[in-house]
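Here is the structure we will look at, set down as C-alpha cells.
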Amino acid sequence: ALTSAEIDALFQESRPRYPVVDHMIFATSGTYSGNLGGLGGADQTCTSVASAAGLAGPYKAVLSTSSIDVRDRIYVSGSIYNNGVSQTLLATNAADFWDGLSSSVDFNQSQTSVSGYAWGGSNGDGTVATSKTCNDWTSADSGDTGRAGDVESPGTSWLDTADSTCDLVRKLWCISQ
C-alpha cells in the first residue's frame, strides 16, 4: 500500500505544470482584411511572421471570436514586453495585461516602429466585442464589422479603439506562447 506522502507525490506529478514564462508581443508589419482564415489562419500568420523575423514561437493572434474571449484563448503567465529594441515592459502578469498596458505596442516583428490599427475583436479587458469579429475572422465583407485597436495607444485602447468594416486591412497583434 502507498503512504499518504507517496499518494501526494503521484498526484502532484499528474497535474499539468504551466511554466511561468515571459511573453513578447508585436503588431505585424503586414496588413490583412478580416478574412484571416479563422483563428487557426491568424495564429499561423503570427507564427510564420515571427519565424521569418527569427523569433522563437509559437505565436498566437490576440483575437476574440463569438465563442471565446481572447483573455481565455491565449496563455499569459509571466511579464509581457513589446518587441521594440528596448523591449519595454508592458505588463507584469495576465491581470495587469488585461487591465491596460503601461506603454503602446508600436513595434513589429523586426523591431521597427509602426502605426495604425490591429484587429482584436475585443473590448479592452480581453472579452469579445459582440458582433465585432468579422464573422469569426472569416469575412472580408464591407457589411461585417470587426473591432480594432490603435498600436500607438497604451491602456485598454491598444485593443479597443474603433470598429472597422472587414474589407479594410489592419495589422495583427501576435504574442509568444
Side-chain angles (χ1 to χ4, degrees), residues 16 18-19 21-84 87 90-91 94 97-98 101 104-123 126-151 158-177:
Y18 299 105
V21 296
D22 289 338
H23 303 275
M24 194 65 65
I25 187 170
F26 63 85
T28 59
S29 57
T31 56
Y32 311 88
S33 74
N35 185 357
L36 301 167
L39 288 178
D43 290 344
Q44 181 57 47
T45 296
C46 282
T47 295
S48 295
V49 166
S51 178
L55 301 174
Y59 276 74
K60 279 193 172 182
V62 183
L63 296 171
S64 290
T65 67
S66 61
S67 61
I68 188 164
D69 296 334
V70 68
R71 66 183 301 136
D72 297 327
R73 189 178 101 73
I74 62 172
Y75 174 67
V76 177
S77 64
S79 296
I80 300 95
Y81 297 87
N82 76 19
N83 194 47
Q87 297 186 346
L90 302 174
F97 187 59
W98 301 118
L101 302 180
S104 59
V105 185
D106 55 352
F107 288 92
N108 69 17
Q109 68 277 3
S110 301
Q111 297 184 316
T112 302
S113 181
V114 294
S115 61
Y117 293 90
W119 293 118
S122 305
N123 299 309
T127 57
V128 66
T130 305
S131 300
K132 311 283 185 195
T133 64
C134 294
N135 197 26
D136 292 337
W137 309 111
T138 63
S139 174
D141 190 298
S142 63
D144 290 328
T145 305
R147 177 73 46 86
D150 183 350
V151 302
W158 74 276
L159 192 57
D160 180 9
T161 303
D163 295 338
S164 296
T165 58
C166 299
D167 60 323
L168 297 177
V169 293
R170 303 287 183 227
K171 298 177 183 317
L172 283 177
W173 303 112
C174 301
I175 190 168
S176 62
Q177 292 294 280

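Since the structure is predicted, the reported quantities are computational estimates derived from the model, not experimental observations.
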[X] (side chain) donor-acceptor with [Y] (main chain) under 3.5 angstrom:
X: Asp22; Y: Ser79; value: yes
X: Asp69; Y: Arg71; value: no
X: Ser67; Y: Thr65; value: no
X: Thr161; Y: Asp150; value: yes
X: Ser139; Y: Asp141; value: yes
X: Thr47; Y: Gln44; value: no
X: Gln177; Y: Lys60; value: no
X: Ser33; Y: Val169; value: no
X: Ser64; Y: Val70; value: yes

Test of understanding: with salt bridge (Lys or Arg N to Asp or Glu O under 4.0 Å), list the residues that count as partners of Arg170, not counting sequence neighbours.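 Salt bridge (Lys or Arg N to Asp or Glu O under 4.0 Å) list for Arg170, sorted by chain: empty.
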
Working to the nearest 0.5 angstrom, can you tell me the gap between [X] [atom1] and [Y] [atom2]?
X: Ile25; Y: Tyr59; atom1: CD1; atom2: OH; answer: 9.5 Å
X: Leu159; Y: Asn123; atom1: CG; atom2: CG; answer: 8.0 Å
X: Phe107; Y: Ser113; atom1: CZ; atom2: OG; answer: 5.0 Å
X: Met24; Y: Gln87; atom1: CE; atom2: CD; answer: 3.5 Å
X: Asn35; Y: Asp136; atom1: CG; atom2: CG; answer: 11.5 Å
X: Gln109; Y: Asn83; atom1: CD; atom2: CG; answer: 8.0 Å

Student check: side-chain heavy atoms of [X] and [Y] closer than 4.5 Å:
X: Leu172; Y: Cys46; answer: yes
X: Thr45; Y: Leu36; answer: no
X: Val114; Y: Val151; answer: yes
X: Leu39; Y: Leu63; answer: yes

Is the distance between the ring centroids of Trp119 and Trp173 under 6.0 Å?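 Here the rings of Trp173 and Trp119 have centres that are no less than 6.0 Å from each other.
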
Determine the minimum heavy-atom distance between Ala42 and Ala61, stating which atoms define it.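 For Ala42 versus Ala61, the nearest heavy atoms are CB-CB, 3.7 Å.
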
Using every non-hydrogen atom in the two residues, find where Lys171 and Ser29 come nearest and quote the distance to one decimal.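 Nearest pair, atom of Lys171 first, then Ser29: NZ-O, 3.5 Å.
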
Aromatic ring pairing Tyr75/His23, orientation class (parallel under 30°, perpendicular over 60°, tilted between):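 Perpendicular.
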
Report the residues that fulfil ring pair (Phe, Tyr, Trp, His ring centres under 6.0 Å) with Phe97, sequence neighbours left out, ordered by chain and then residue number.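 Once residues adjacent in sequence are excluded, the partners of Phe97 under the ring pair (Phe, Tyr, Trp, His ring centres under 6.0 Å) criterion are Trp158.
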
Does Tyr117 have more than 12 heavy atoms from other residues, nucleotides or ligands lying within 6.0 Å of its OH?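 Counting neighbours around OH of Tyr117, 12 or fewer heavy atoms of other residues, nucleotides or ligands fall under 6.0 Å, so no.
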
Flag the pair Asp43 and Arg73 as a salt bridge only when some basic side-chain nitrogen lies within less than 4.0 angstrom of an acidic carboxylate oxygen.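 Salt bridge between Asp43 and Arg73, a charged N being under 4.0 Å from a carboxylate O: yes.
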
